[in-house]
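Owing to the predicted nature of the structure, the values given are computational and were not obtained by experimental measurement. Hydrogens, waters and symmetry mates play no part in the numbers below; they use all other heavy atoms, side chains included.
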Amino acid sequence: MERDSVWAILSLSIVLLLQLSDVSCVKEKRIPVKISDPVVFTDEPKPFTVRVTKFICVETPYEESELLQCRTVLRRNRPTFFNISVHVPGVLNRIYFQVRTYYRYNSYEPFPITLLMEICSYFRKPTTDIFSRHLMSIMMEVVSHLLYQCPHGNTTYDAVYWLEDKFFPQSMPAGDFRQDVWFRTEHNRTIFAYQAYFSVRRMGIWRSMLEW
């Protein structure tokens, strides 16, 4: 499995943090996150399809939030929805995001690549490498109204999250994946955590090189 493929998968998960509808707001001026030269996603067919079979909320009950809803919505010939509602009473100035990705051989085996980042500092100064650019471009398309710098929290977040083919690179290796995702405070207390199970199925000849 190529390193770039794993990073592409990791980048999609962070979208969940921001795909939220505020019920109440942190009462401070919001400073938008800015990036230059974003990726433009199109509906051009890909040589593969992505299908999510289920999302599972884990590690409940949470120490820093209250989970109000966690539901997988399977839809025929359309992306699977992940409906969640999480109340976060405290104000957050540091949010740690961690992802571990697994690929299924005879069982789910861990990849040597993991992701751990502090989101608030990332939002203040987004990096310009290819993976960060791809990630931020997804956010701009899906949740541009929520791309603002910390503080976050002091609100109820209602999210509808999904994965779809156009957010992936032109080429992806086929197989079954599990992705474990955590959002934690600076004191290592869980805000929200979930597992996503999904498969990538190729159409036609398998190609080993990832194409952006």
Q | Stepwise ring-ring contact (aromatic ring centres under 6.0 Å, His included) check, F55 with F82 | A | CA-CA 7 Å; F55 295 97; F82 184 27; 4.5 Å; yes
Q) T101 and Y103: side-chain contact (heavy atoms from CB on, under 4.5 Å), yes or no, with the steps? A) CA-CA 7 Å; T101 305; Y103 185 82; over 6 Å; no
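- Residues T156 and L68 meet the side-chain proximity criterion, which asks for heavy atoms closer than 4.5 Å.
- Within the structure, the salt bridge (charged side-chain N to carboxylate O under 4.0 Å, His left out) test picks out no pair touching residues 148-157 (sequence neighbours left out).
- Across every non-hydrogen atom of P89 and E64, the tightest pair is CD-O, 3.6 Å.
- A search for salt bridge (charged side-chain N to carboxylate O under 4.0 Å, His left out) contacts involving R124 returns nothing, not counting sequence neighbours.
- Taking 4.5 Å as the limit, every side-chain heavy atom of L67 sits out of range of all side-chain heavy atoms of P61.
- Y197 and Y194 are not part of a single hydrophobic cluster, where members link through side-chain heavy atoms under 4.5 Å apart.
- Scanning for side-chain contact (heavy atoms from CB on, under 4.5 Å) contacts around R75 gives V73, R78, P79, F81, with sequence neighbours left out.
- Ring geometry for F183 versus F97: interplanar angle of 30 to 60°, hence tilted.
- E109 pairs by the side-chain contact (heavy atoms from CB on, under 4.5 Å) definition with Y105, S107, not counting sequence neighbours.
- The cluster map of Ile, Leu, Val, Met, Phe, Trp and Tyr, joined by side-chain heavy atoms under 4.5 Å apart, puts L163 and I56 in different clusters.
- Within the 3.5 Å criterion, the main-chain N or O of Q170 finds no donor-acceptor partner in the side chain of K46.
- Side-chain contact of Q98 with R184: a donor-acceptor pair under 3.5 Å is present, judged by distance alone.
- Residues S65 and H87 form no side-chain contact, since every pair of their non-hydrogen atoms from C-beta on lies 4.5 Å or further apart.
- Scored by the side chain to side chain donor-acceptor pair (under 3.5 Å) test, T190 finds E59 as partners (sequence neighbours excluded).
- Under the side-chain contact (heavy atoms from CB on, under 4.5 Å) criterion, R94 pairs with Y96, E118, E186, not counting sequence neighbours.
- Sequence neighbours left out, the pairs with a member in residues 170-181 that pass salt bridge (charged side-chain N to carboxylate O under 4.0 Å, His left out) are R104-D176, D176-R201, R178-D180.
- The only option from Y102, W162, F177 that meets the ring-ring contact (aromatic ring centres under 6.0 Å, His included) definition with F198 turns out to be F177.
- Residue W182 is not grouped with residue V88 when hydrophobic side chains (ILVMFWY) are merged at heavy-atom distances under 4.5 angstrom, including chains of intermediate members.
- Put simply, the side chain of I191 reaches to within 4.5 Å of the side chain of T185, judged on heavy atoms.
- Closest heavy-atom contact between C120 and I95: SG-N, 4.0 Å.
- For residues 34-89, the pairs satisfying disulfide bond (SG atoms under 2.5 Å apart) are C57-C70, with sequence neighbours left out.
- Taking F41 as the reference, H134, F167 meet the ring pair (Phe, Tyr, Trp, His ring centres under 6.0 Å) condition, with sequence neighbours excluded.
- In this structure the side chain of I84 reaches within 4.5 angstrom of the side chain of F192, judged on heavy atoms.
- Of the inter-residue distances, the one linking L92 atom CG with C150 atom SG reads 7.5 Å to the nearest 0.5 angstrom.
- Rounding to the nearest 0.5 Å places CG of N83 at 11.0 Å from OG1 of T80.
- Between the side chain of S137 and the backbone N or O of V39, at least one donor-acceptor pair lies under 3.5 Å.
- A search for salt bridge (charged side-chain N to carboxylate O under 4.0 Å, His left out) contacts involving R51 returns nothing, not counting sequence neighbours.
- D165 places a side-chain N or O within 3.5 Å of a backbone atom of V50 that can act as its donor or acceptor partner.
- Clustering of Ile, Leu, Val, Met, Phe, Trp and Tyr by side-chain heavy atoms under 4.5 Å joins L74 with none of the others.
- Residues that satisfy the side-chain contact (heavy atoms from CB on, under 4.5 Å) test with N93, not counting sequence neighbours, are V91, P151.
- Rounding to the nearest 0.5 Å places CD of E44 at 12.5 Å from NZ of K166.
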